[in-house]
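Sequential numbering from 1 along the given sequence is applied to the chain's residues. The analysis underlying the following values was restricted to heavy atoms, covering all of them including side chains, and did not include hydrogens, waters or symmetry mates.
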Amino acid sequence: MAISVIMSVYNERPEQVQQAVDSILKQTYLPREFVIVLDNPERSDLKDLLMDYDCRVEMIKLVCNPENLGLAASLNKAIELASNELIARMDADDISVTNRLEVELEALKTRDLDLISGNIAYLDEQDEVVGEKSAIPEAEPLIQKILPYGSTIIHPTVLMRKTAVQQVGGYRLLPTAEDYDLWLRLLANGFKIGSINRRVLNYRLRGNSMTSDAWKTYLVSRYIQQLYAERKRTGADSFGRGMSALTDKINDVRAQSTFNRGQKYFTMASMRKRKLGQALAALVRAMVTSPDNCYYVINYLRLRTIWSVNGRRYRQQPSD
């Protein structure tokens, strides 16, 4: 089955983009095409690099946006241009492992899925592996139960069917978490989402990228969850309504500062080596910081409880 890889490039370092592109060109199962959208017309260095690839590598199809459109719009453009039914996502500063597409394609076909995600290791800015992500749920029924409370699907690892994505309207324009919104719309429309608990990609940590957008990601994810609940009740959602109020809250510096303080306590509670009493005390401190922190913690505990109760029942056979 032919695969189209799609990637949007914005402000990454040229050497990182080169690593990302080369990791796709060295796959054991080569894609039929690689659609790259440059979403930053001011980065002539990136344009020169990508135009060189475009001239040398037949599978690469380069598109240069005349103005910055954002990630969601750029990915929608790439999907429209993709010639094949299977679409693999790639980020411009990550590195796919050599057999990523081969492994994901086999799992997608064997399990008759519409979307498959894999696991990751973390890279720092010096290309050093600094850790691996903990286990992710694999089985479709378990992911179906968990997704309404939080995403365990790792966006740049995804292999998905173009027809499924187009049927639900592609990515929608949101301040962040466009992928989570897409996963929940796929889920609501009966498409099958699964994962493999196997490292398929090295994910780049850029500065404080894990925590800098925590407030915005929390608010947008909660909005997305509300839209999902609305679709489950009525068959449609009111996307766009309330967006102005959402933006205002995102820009509330005081609320953001309070939420980030609560998140520090939550992080302390999550540390593996922390004693149970210390962890519980930190968790309580996180919850009482603000109503938003309390909601965040409760939602997280719901997700973990569902995973714990159902995980063994739905456990897949080892991927290796």
Side-chain angles (χ1 to χ4, degrees), residues 3-31 33-65 67-75 77-79 81-82 87-101 103-104 117-133 153-159 171 176-179 198-214 217:
I3 296 174
S4 295
V5 177
I6 63 170
M7 183 174 81
S8 177
V9 182
Y10 177 61
N11 66 348
E12 296 79 9
R13 298 208 310 254
E15 61 269 24
Q16 294 175 347
V17 175
Q18 186 171 0
Q19 287 177 315
V21 173
D22 288 346
S23 74
I24 295 299
L25 300 182
K26 295 176 182 177
Q27 288 291 301
T28 55
Y29 187 94
L30 284 173
E33 67 180 354
F34 190 178
V35 184
I36 303 175
V37 179
L38 176 59
D39 193 33
N40 189 342
E42 298 180 0
R43 287 292 299 271
S44 58
D45 56 340
L46 292 177
K47 184 175 182 179
D48 290 343
L49 172 67
L50 294 171
M51 286 184 68
D52 178 62
Y53 272 112
D54 190 36
C55 292
R56 292 188 293 107
V57 183
E58 185 177 357
M59 76 168 68
I60 289 181
K61 182 186 296 183
L62 176 63
V63 180
C64 298
N65 290 341
E67 59 183 2
N68 173 237
L69 298 181
L71 180 60
S74 294
L75 292 180
K77 177 182 285 191
I79 290 170
L81 292 170
I87 304 288
R89 272 283 290 114
M90 183 66 192
D91 274 348
D93 56 356
D94 297 335
I95 302 173
S96 288
V97 302
T98 309
N99 64 345
R100 172 199 163 180
L101 296 182
V103 168
E104 291 181 340
S117 170
N119 212 332
I120 58 174
Y122 294 110
L123 280 182
D124 64 15
E125 294 279 18
Q126 288 72 47
D127 299 333
E128 295 292 330
V129 175
V130 294
E132 294 192 1
K133 182 173 175 57
I153 305 301
I154 303 169
H155 194 195
T157 72
V158 160
L159 176 67
Y171 293 91
T176 189
E178 304 95 335
D179 55 325
R198 178 170 175 174
R199 180 171 63 91
V200 297
L201 182 130
N202 292 327
Y203 180 91
R204 182 86 57 184
L205 297 176
R206 303 175 68 190
N208 61 345
S209 59
M210 292 294 284
T211 57
S212 60
D213 289 332
T217 301

Are the side chains of Phe34 and Lys61 in touch, meaning some heavy atoms are under 4.5 Å apart?
no

Side chain proximity check, Val103 to Tyr29, heavy atoms < 4.5 angstrom
no

Verify, without hydrogens or angle tests, whether Ser4 (side chain) and Ala82 (backbone) share a donor-acceptor contact under 3.5 angstrom.
no

One should read off an interatomic distance between Ile120 CD1 and Ile154 CD1, to the nearest 0.5 angstrom, of 4.5 Å

Test Ser8 against every option in Asp39, Asn40, Val63, Leu38 by the side chain to side chain contact (heavy atoms under 4.5 Å, CB included) rule and name the one that passes.
Asp39

With under 30° as parallel and over 60° as perpendicular, where do the rings of Tyr122 and Tyr203 fit, or are they tilted in between?
perpendicular

I'd like to know whether Val9 forms a side-chain contact (heavy atoms from CB on, under 4.5 Å) with Val37, so could you lay out the CA-CA distance, the side-chain angles of the two residues, the decisive distance to 0.1 Å, and finally the verdict.
CA-CA 6 Å; Val9 182; Val37 179; over 6 Å; no

Working note: Val5 + Leu101, criterion side-chain contact (heavy atoms from CB on, under 4.5 Å); need CA distance, chi angles, decisive distance, verdict.
CA-CA 10 Å; Val5 177; Leu101 296 182; 4.2 Å; yes

Among side-chain atoms of Arg204 and Gln19, is any donor-acceptor pair under 3.5 angstrom?
yes

Is the shortest heavy-atom distance from the side chain of Leu123 to the side chain of Val130 under 4.5 Å?
no

Which value, rounded to the nearest 0.5 Å, describes the distance between Ile24 atom CD1 and Met59 atom CE?
9.0 Å

Please tell me if the side chains of Leu62 and Met51 come closer than 4.5 Å, counting only heavy atoms from C-beta onward.
yes

Contact check, side chains of Asp91 and Met7, non-hydrogen atoms, under 4.5 Å:
no

Would you call Val158 and Asp179 a side-chain contact if the rule is heavy atoms closer than 4.5 Å?
no

Ignoring hydrogens and geometry beyond distance, is a side-chain donor-acceptor pair present between Ser74 and Asn65 at under 3.5 Å?
yes

Does a salt bridge link Lys26 with Asp22, judged by any charged N lying under 4.0 Å from a carboxylate O?
no

So Val57 and Leu25, do their side chains get closer than 4.5 Å, heavy atoms only?
yes

What distance separates Leu50 CG from Leu46 CG, expressed to the nearest 0.5 Å?
6.5 Å

As an exercise, state the distance from NE2 of His155 to CG of Asp94, rounded to the nearest 0.5 Å.
11.0 Å

Minimum heavy-atom distance between Thr217 and Thr176, given as atom pair plus value
CA-CG2, 3.8 Å

Any side-chain to backbone donor/acceptor pair from Glu58 onto Arg56? Under 3.5 Å, distance only.
no

So CG of Asp93 and CD of Glu15: to nearest 0.5 Å the spacing works out to 11.0 Å

Gln27 (side chain) donor-acceptor with Arg100 (main chain) under 3.5 angstrom:
yes

Could you list the residues that satisfy salt bridge (charged side-chain N to carboxylate O under 4.0 Å, His left out) with Asp45, not counting sequence neighbours?
Arg43

Any donor-acceptor pair under 3.5 Å linking the side-chain atoms of Thr98 with those of Thr28?
no

Heavy-atom pair with the smallest gap, counting every atom of Gly118 and Glu104
N-OE2, 4.2 Å

So, do Met90 and Leu201 sit near enough that their side-chain heavy atoms are less than 4.5 Å apart?
yes

Once rounded to the nearest 0.5 Å, what's the spacing between atom CD1 of Ile153 and atom CZ of Arg89?
14.0 Å

Please determine whether side-chain contact (heavy atoms from CB on, under 4.5 Å) holds for the pair Ile6 and Leu75, giving the CA-CA distance in whole Å, both sets of side-chain angles, and the decisive distance to 0.1 Å.
CA-CA 7 Å; Ile6 63 170; Leu75 292 180; 4.1 Å; yes

